[in-house]
Every structure is written in C-alpha cells, then in structure tokens.
J.: 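Have a look at the structure that comes next, please.
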Amino acid sequence: MPRGGLENLKAENSRLLRDEIRRGATVHRALPEIVTLNSTDICNLKCVMCPRNLAQGTFRLEDRVVEYVADELFPTALKTNLTTAGGEPLGPGFDVILERALRYGVRIDVVTNGMLLDGEIFARMLPALDHLNVSVDCSVPAVYERLRVGGSFDRLLANLEEIHAVRARERDDVLFSMSAVVMKSNLPYLPELIRFAAEHRAGGVVLQRLRHEVKPTWEEDVPSHYAPEEIEGHLARTEAAAREAGINLYQAELGRPNLFHREQRPKVPETLDGAGVCYFLSQSFSVMYTGEVYPCCKPTDYKLGDVRFESPIDIWNGEPLQKLRAAHFSRRGTLFCSGCEYAPHLPARGEPRVNEVLRRGRRAYAHVANNVVRRASERLRPKVFETAPPAHVRLDPVPPANGLPPLEARALGVRHEAGAVHPRDGSFWFVKESSLWRCADALEPPEWKLALENPGGGEAACLAALDSGAFLVSFEGSGELLRVEGDEATSALELSDARSRVRRNAVTQAPDSAIWAGEYGVFPGARCAWLYRSVDDGRTFEAVEHFPDVRHVHAVACSPSSGSLFVTTGDLPTKQRTYVRSTGARSSRLALESWAGFTAIAFSGGFVHFGTDLSDENGFCRAREGLDGRLEFRPLHGELDLQVRQIERLADGRLFALGSLDENLTELRAVRRAALFLSDDDGAAWTVAHRFAADWSDAPERFVVLPGTPTRLATEGTRRPSAIRLP
C-alpha cells in the first residue's frame with residue numbers, strides 16, 4: 001500500500017477509535033494505536049531485580065508469529081512498544097519487528113539495557129524511533145555492574161558515544177531518556193545518575209519502583225534499609241540535581257510529582273487518559289513472549305487470548321476485553337483495575353491487604369493453569385499462522401529474462417484509474433477523477449464524459465463492462481457499486497460496510513448471464529467477505545454468501561465451460577482460501593486451503609490458473625477445474641519473484657499475466673522489475689514477455705486487453721500508461 005494510503009488509514013483509525021471511546025463502545029471497529037511486543041524473555045544480562053537473575057529465559061515468538069501480528073495491526077497502528085518485560089528487546093527477533101515497523105510507517109518506543117545498542121543499530125532504527133530509554137540504574141561502574149549482572153559499564157559508555165555521533169550527523173526528534181529502578185544500592189547515587197544522563201544528552205530520567213511481584217528482591221528493598229527521612233533526603237537531592245542539569249525527572253511511580261525543566265514534544269501517540277477507560281484496554285494491545293495477550297504491564301490473571309492460535313483482531317474484540325471495557329465505562333471496576341494508577345476513574349475498593357492476597361492467589365492459580373493449557377495447546381490446537389502450501393507438484397522455475405528485447409509500447413495520453421473495452425463497438429472507456437470517459441481507441445483523445453457520484457473522492461477500483469454494454473463502477477472507500485448505462489448512473493449495490501469497494505478481479509459474468517461480485521476492504525478490522533449476485537443485468541444485487549472469518553474477497557471468476565464459480569479470499573493466514581460454487585448450488589464448498597492470496601484467476605484447456613500474492617516465494621499455480629487432483633506450482637525466483645496481479649486468456653488461447661510488487665516493499669522493488677509473463681501451453685510453462693522500467697515509473701496495477709490485430713494491452717494505475725503491442 002502506498003505510504004499516503006497508510007497515513008490516511010491510520011488517521012481514519014485514530015478518528016474512529018476516539019469516537020468509539022467517546023460513545024463508551026465495548027466493541028471497537030478501530031484497531032489499537034499502540035502494539036506492545038514483548039517478543040522474547042531471553043536476555044543478555046541477569047539484573048538483580050529481574051526474573052532472569054534466577055534463570056535464563058527460554059521463550060521467543062517465532063518470526064512468523066511476529067510478522068502475522070504486525071501484518072494485522074501495524075497498517076493502522078501508530079506505535080510499537082518494545083520493553084524489557086521479558087528479555088532484551090534488541091536481541092532475538094528485533095530485526096523482524098524493525099523491518100515491519102519501517103514497512104508500515106510505525107514509530108518505535110524501545111526500552112533497552114544498551115549493551116546491544118551500538119551506532120549501527122541505532123542508525124537503522126532511527127527513521128522509526130520515537131522514544132529511546134536506556135536502563136542504567138547507576139552511573140557508578142562498580143554499582144552498575146553489581147546490579148546489572150553481566151553488563152559492562154565501558155560497553156555502555158562506548159555505545160552512548162556512538163549514538164551521540166549518529167545524532168550529530170543526522171537531525172532527529174527522538175525522545176531520549178535513561179531510567180533507574182530505585183533500590184537500596186543506587187538510591188544514594190541517583191543525583192550522579194542525573195548528571196550522567198545530562199552529560200550524555202538525555203532529555204530526562206525515569207525513576208521506577210522496585211516491584212516484588214515481578215521478582216522478590218527484598219535485599220534491595222528501599223524502605224527496609226532506609227528511614228523515611230533518609231529516603232526523602234536522597235530524592236530531594238535527586239530533584240535538585242535535575243533542576244540544576246535542566247532535565248526532566250519522571251517519578252510518578254514513587255508517588256512524587258514529575259518535574260519538568262525542559263520542553264519536549266509529546267510521545268506518539270499521546271495516551272487517551274481521562275476517557276473513562278484505561279488506555280491499555282482501548283488504545284493498546286500487548287503480546288507476551290509466550291504469544292499470550294494481557295491487558296497491560298501490570299501482572300494480572302486477565303488473559304485475553306493467544307496470537308499463536310487466534311487472530312489479534314478477534315482478541316481485540318473478544319469477550320474478555322469487552323467485559324473489562326464495560327467494567328471501566330460503568331465504573332464497576334475489577335479486582336486488579338480498581339485503584340490502579342492507570343485507572344484513576346476507578347477508586348480503590350475494599351481492604352488493600354485483603355485485595356493483595358486475592359490478587360496473588362489468582363495470579364498463582366492462573367500461572368499454573370496457563371502452563372497446563374499452553375502445553376496442551378501446543379500439541380492440540382492448530383497455530384493460526386501455519387499456512388504451509390497444500391500438497392502440490394513443484395515444477396521448474398520460470399526461466400530468467402536474459403537479453404529480452406522490449407515490446408513496442410506507445411504512451412497513452414491520459415493517466416486513468418480503471419479501464420474497460422465496450423463489448424459491442426470495441427471503444428475504450430476509462431475512469432479518471434470521478435468521471436467516466438469514452439474514446440474510440442485507447443490511443444485516441446476522449447470524446448465523451450459522464451460525472452459520477454463519488455462522495456469519498458477515492459480512485460476507481462473497478463470498471464467492468466457487461467455483455468449488454470452497461471458498466472459497473474466502484475470507487476475506493478465508497479461502500480457501493482454503481483451501474484452506468486447510457487448517460488445514467490445508478491446505485492446497484494450497497495456493500496456491507498461504507499468503507500468497502502469492489503475490485504475488478506472480483507466481478508464476473510456467468511454463462512447464464514448472472515453477474516457475481518465480491519466485496520473487498522482493508523480498513524481497520526475488515527471482515528467484509530461477501531459474495532453478491534445479480535440476475536437483472538447488474539441493476540440490483542442480492543447478498544448470497546458471507547465468509548465471516550476472513551477479511552475480504554480477492555477474486556471471483558466463472559468457468560466458461562462448466563459455469564462453476566471460483567472465489568478466493570484473503571489476507572489472513574489460514575483464511576486465504578479458494579471456494580467453488582457449482583451451478584445451482586446454495587453455497588460454496590471449500591476447495592483449497594491456500595497458503596497465498598490468489599488475486600488472479602483464469603481458465604484455459606480445462607485448467608484453472610492462479611497467481612500468488614506474497615511478499616516473496618511467488619509463482620503460478622494450475623489445477624484441473626474440479627480442484628480434486630494435484631496442484632502444480634511453478635515458482636518465480638530471484639528478480640522475477642513478483643506478486644501475480646492478473647492473468648488473462650487471449651482470443652488466440654495464450655495466457656498473459658502481470659507480475660508486480662506492493663509499493664511498501666521498497667527494498668524488493670529496488671532490485672526487481674514488474675513484468676509481463678506469457679504461456680502458450682495452458683500454463684504448463686511460462687516465459688517473460690516484457691519487463692517494465694527499473695524505476696517502476698511505468699509499472700501498472702492492471703492491464704486491459706484491447707481489440708484488434710495485433711493484440712495490445714493498455715496499462716493502468718501507473719504514472720506512465722501505455723499501449724503495449726504483444727508478440
């Protein structure tokens with residue numbers, strides 16, 4: 001998706017989220033703005049206050065789990081938090097998170113011990129970095145290395161200097177802070193830490209309370225070793241040091257007011273406090289290194305789900321989280337939430353010591369129960385991200401396009417969004433800027449124009465010519481399908497969601513003249529996979545079937561020989577499926593558990609052809625139309641590894657296909673080029689027929705087969721549309 005499209009998607013999600021919170025909605029159509037990923041409990045240190053001091057961690061979310069969660073939530077998220085709630089976040093799995101954050105324009109908050117944070121890693125994350133916090137605890141080397149067991153103070157200093165060198169070269173607006181868990185050993189040295197932070201250009205210092213519920217560390221318990229007046233004296237000197245150094249001091253966890261001595265921008269996004277619901281429940285989604293999802297950073301027994309076995313979107317609106325939101329909006333409160341500093345609207349209730357006993361008991365029981373359930377789940381439950389290819393025959397890859405001469409191409413005068421050929425007179429029609437245009441040929445200037453209703457102002461996603469000569473048009477985010485006949489445009493179909501659209505690949509006309517259309521949407525929480533049918537030449541449609549657990553319909557195509565309807569769905573792992581609906585059947589049957597979103601379908605020689613839509617390892621698939629035999633897969637390797645956007649059968653029986661890449665796959669686009677592929681043996685083998693420019697300036701989203709001899713293709717959805725003459 002283009003970066004501008006992502007920005008608009010995030011802005012719409014944020015607007016919708018605030019509206020739903022204002023209304024007190026417990027089910028959110030909007031998705032979380034903040035995604036916390038505690039991806040591992042493996043750490044390079046054994047700090048005295050951490051469970052890793054007792055034993056090394058063993059958990060790490062598989063890369064494909066992280067990719068799955070990111071692909072679901074990052075397109076609408078503004079921020080991902082990487083914390084030390086489990087292990088060191090810059091350790092195993094960090095590269096995957098950073099790649100997805102950069103791909104989807106997500107800012108990063110990271111809390112790190114700094115041992116792995118050299119200048120090279122800092123420079124890589126800098127384009128996405130919002131807030132960097134380095135946990136130091138003490139600036140006295142001997143005390144630092146005693147508290148942060150395994151750490152090297154010299155290594156920390158070297159890394160801080162490398163960070164400073166990078167920041168001196170490249171301007172940034174990163175929020176940079178240091179932090180300390182206040183303990184017996186470092187309390188007297190906190191003023192020195194303030195001065196150390198100022199020397200290394202930190203904007204603030206965060207003081208945190210030692211939490212024994214995380215790991216009992218009574219030997220470092222401050223009230224057990226210092227009198228109240230001593231504690232007050234040390235903290236007062238710390239505040240004075242912050243005032244003298246001119247940096248901010250965040251000490252709310254200690255029950256003291258934060259002190260601000262310099263201006264700084266707010267974090268992205270600002271938390272939605274004071275809305276009658278904790279922002280952890282309405283704005284944030286937190287994944288632990290086990291895959292389990294909990295509401296917040298405080299230890300509770302409110303397990304919301306497990307992203308290894310459930311969709312993050314389903315968890316986001318699952319029953320446990322709905323109940324928690326309702327408890328907040330109603331002010332009823334809960335055992336763990338009432339009295340919490342993150343929920344000031346829920347005052348503490350009951351006797352504090354009794355509540356703490358109840359909390360500990362419930363956490364202990366939940367810990368044992370979750371371990372039992374986790375072990376059973378790993379054996380018995382299918383993992384939601386397991387999308388291995390179905391049984392298939394892997395054929396030789398499509399050969400490279402070495403020495404390929406370019407095909408003859410003539411530039412089209414007008415950049416259009418969607419095009420089609422009139423089935424009766426062969427004239428070329430296209431949509432541009434919410435108007436339908438007609439010209440005698442794609443290379444000729446337009447001679448007629450009809451303005452269309454397009455309240456959302458989005459580009460055309462579909463222009464489909466019907467056998468009668470009428471057209472179906474759908475715009476991005478319009479929520480409807482228009483029918484145009486002559487100079488009259490009417491609304492033929494109101495989709496299930498006002499943000500949906502119909503794409504060209506999802507409109508087909510059957511041999512019995514019925515018209516089928518599939519609904520598509522990429523908005524927050526999209527579950528709009530509806531199939532519609534018209535029996536009156538597209539004047540009206542009825543909803544025929546809903547695929548409730550998938551995001552949308554990718555493609556719809558009707559076999560010209562059997563009349564069977566093929567429907568593909570996407571984009572969720574294990575939900576990328578192919579359905580077949582036989583003539584006269586009341587419902588579709590699941591014919592193929594796809595491992596890829598099939599966005600292209602074509603028929604020839606008794607075969608049905610598909611093209612994959614993956615970030616890598618793409619290829620062409622074909623099978624007999626009944627889909628009851630083997631599936632053949634011919635991979636696209638190296639520079640030809642492209643997403644198959646479209647496959648068309650020409651009048652002479654040949655198949656032509658378009659391979660391209662999503663705009664957000666910038667690194668791949670830098671080394672690959674969009675291409676046209678040709679098969680003259682019903683998809684048994686494919687060759688490269690044409691390669692588009694290396695700068696992607698002429699790479700199309702689709703093509704339209706123009707009438708006449710020789711055959712030409714008109715490209716669309718590109719900065720440089722052209723008519724390409726085929727060999």
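Position 1 is the first residue of the sequence, and the numbers go up from there. Quick caveat: nothing in here was measured; it's all calculated off a predicted structure.
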J.: According to the interplanar angle, ranging from 0 to 90°, do the rings of F471 and H422 count as parallel (below 30°), tilted (30 to 60°) or perpendicular (above 60°)?
T.: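 Because their plane-to-plane angle is over 60°, the rings of F471 and H422 count as perpendicular.
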J.: Taking the six-membered ring of F607, is the NZ or CZ of R622 close enough (under 6.0 Å from the centre) and on axis enough (within 45°)?
T.: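 Yes, a cation-pi geometry holds between R622 and F607.
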J.: For K432, is there an ion pair with E459 - N to carboxylate O distance below 4.0 angstrom?
T.: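 K432 and E459: not salt-bridged.
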J.: Looking at every heavy atom in both P721 and V414, which two are closest together, and how far apart are they?
T.: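 That would be CG-O, 3.5 Å.
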J.: Start with the C-alpha gap between S14 and E33, add the side-chain angles, then the distance that decides, and say whether side-chain hydrogen bond (donor to acceptor under 3.5 Å, both in side chains) holds.
T.: CA-CA 7 Å; S14 295; E33 293 183 315; 2.5 Å; yes
J.: Roughly how far, to the nearest 0.5 Å, is CG of L713 from CG of L658?
T.: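 Between atom CG of L658 and atom CG of L713 there are 9.5 Å.
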J.: Could you check S660 against Q643 for side-chain hydrogen bond (donor to acceptor under 3.5 Å, both in side chains), going step by step and ending with a plain yes or no?
T.: CA-CA 5 Å; S660 188; Q643 296 158 330; over 6 Å; no
J.: Please assess F566 against F603 for the test ring-ring contact (aromatic ring centres under 6.0 Å, His included), listing each intermediate value before the final yes or no.
T.: CA-CA 11 Å; F566 289 74; F603 304 91; 5.3 Å; yes
J.: Assess whether a salt bridge exists between E12 and R15, defined as any Lys/Arg side-chain N lying under 4.0 Å from an Asp/Glu carboxylate O.
T.: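 A salt bridge is present here (some side-chain N lies under 4.0 Å from a carboxylate O).
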J.: Between F547 and Y579, does the ring-ring contact (aromatic ring centres under 6.0 Å, His included) criterion hold? Intermediate values first, please.
T.: CA-CA 10 Å; F547 308 101; Y579 296 87; 4.5 Å; yes
J.: Please check if the number of heavy atoms outside R415 that lie under 6.0 Å from its CZ is greater than 12.
T.: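 Yes, CZ of R415 has more than 12 neighbouring heavy atoms, counting only those of other groups under 6.0 Å.
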J.: Could you tell me whether the side chain of T599 and the main chain of V644 form a donor-acceptor pair under 3.5 Å?
T.: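 Judged by distance alone, yes, a pair lies under 3.5 Å.
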J.: Parallel, tilted or perpendicular: which fits the ring planes of F620 and W686, with parallel below 30° and perpendicular above 60°?
T.: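 Geometry flag for W686 against F620: parallel rings.
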J.: E72 vs R551, test: salt bridge (Lys or Arg N to Asp or Glu O under 4.0 Å). Steps then yes/no.
T.: CA-CA 10 Å; E72 278 282 79; R551 179 172 289 172; 2.4 Å; yes
J.: Is there a donor-acceptor contact under 3.5 Å from the side chain of T568 to the main chain of F598?
T.: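 Yes, T568 side chain to F598 backbone: donor-acceptor pair under 3.5 Å.
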J.: Could you tell me whether a side-chain N or O of T540 sits under 3.5 Å from a main-chain N or O of A492, the two making a donor and an acceptor?
T.: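 Side chain of T540 to backbone of A492, a donor-acceptor pair under 3.5 Å: no, none is there.
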J.: Parallel, tilted or perpendicular: which describes the rings of F692 and H690, with under 30° parallel and over 60° perpendicular?
T.: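 F692 vs H690 ring planes: perpendicular.
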J.: Are the side chain of E545 and the backbone of S588 linked by a donor-acceptor contact shorter than 3.5 Å?
T.: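 Yes.
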J.: Could you tell me whether a side-chain N or O of T80 sits under 3.5 Å from a main-chain N or O of V35, the two making a donor and an acceptor?
T.: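 At least one qualifying donor-acceptor pair exists.
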J.: Indicate yes or no for a side-chain donor-acceptor contact from D536 to the backbone of R539 under 3.5 Å, with no hydrogens or angles considered.
T.: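 Side chain of D536 to backbone of R539, a donor-acceptor pair under 3.5 Å: yes, one is there.
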J.: Using the rule given for side-chain hydrogen bond (donor to acceptor under 3.5 Å, both in side chains), can you reason through D682 versus S604, listing the C-alpha separation, both sets of side-chain angles and the distance that settles it, and then say yes or no?
T.: CA-CA 6 Å; D682 293 320; S604 72; 3.1 Å; yes
J.: On the 0 to 90° scale, with breaks at 30° and 60°, tag the H546-W530 ring pair as parallel, tilted or perpendicular.
T.: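 If you compare the ring of H546 with that of W530, the planes turn out parallel.
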J.: Going by distance alone, is a donor N or O of one side chain under 3.5 Å from an acceptor N or O of the other, for S496 and E519?
T.: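 Side chains of S496 and E519: pair found under 3.5 Å.
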J.: Is it the case that over 12 heavy atoms from other parts of the model lie below 6.0 angstrom from the CD atom of E433?
T.: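 No, because the 6.0 Å sphere around CD of E433 holds 12 heavy atoms or fewer from other groups.
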J.: Taking T718 for the side chain and S697 for the main chain, is one N or O donor matched with an acceptor at less than 3.5 Å?
T.: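 Yes: the side chain of T718 pairs with the backbone of S697.
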J.: Counting only heavy atoms from other residues, nucleotides and ligands, does the tally under 6.0 Å from CD of E444 exceed 12?
T.: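 Yes, CD of E444 has more than 12 neighbouring heavy atoms, counting only those of other groups under 6.0 Å.
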J.: Could you tell me whether D698 and R691 make a salt bridge, using a distance below 4.0 angstrom between a side-chain N and a carboxylate O?
T.: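 Looking at D698 and R691, the cut-off is not met.
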J.: Determine yes or no for a side-chain-to-main-chain donor-acceptor pair under 3.5 angstrom, with T569 supplying the side chain and R577 the backbone.
T.: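 Side chain of T569 to backbone of R577: a pair is present.
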J.: Give a yes or no on this: more than 12 heavy atoms of other residues, nucleotides or ligands lie within 6.0 Å of atom CZ of R124.
T.: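 Yes, enclosed.
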J.: Determine, for R712 against D441, whether the closest basic-nitrogen to carboxylate-oxygen distance falls under 4.0 angstrom.
T.: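 Answer for the salt bridge query: yes.
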J.: Between atom OG1 of T76 and atom CG of L31, what is the distance when rounded to the nearest 0.5 Å?
T.: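 Going from the OG1 atom of T76 to the CG atom of L31 covers 4.0 Å.
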J.: Between R533 and E542, is there a salt bridge with N-O shorter than 4.0 Å?
T.: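 A salt bridge links E542 with R533.
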J.: Would you mind checking if R669 and E667 are paired as a salt bridge, meaning a charged N to carboxylate O distance below 4.0 Å?
T.: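 R669 and E667: not salt-bridged.
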J.: Look at D613 together with R645 and state whether they make a salt bridge at an N to O cut-off of under 4.0 Å.
T.: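 Judged by the 4.0 Å cut-off on N to carboxylate O distance, D613 and R645 do form a salt bridge.
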J.: Is a donor on one side and an acceptor on the other found under 3.5 Å between the side chain of K10 and the backbone of A77?
T.: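 At least one qualifying donor-acceptor pair exists.
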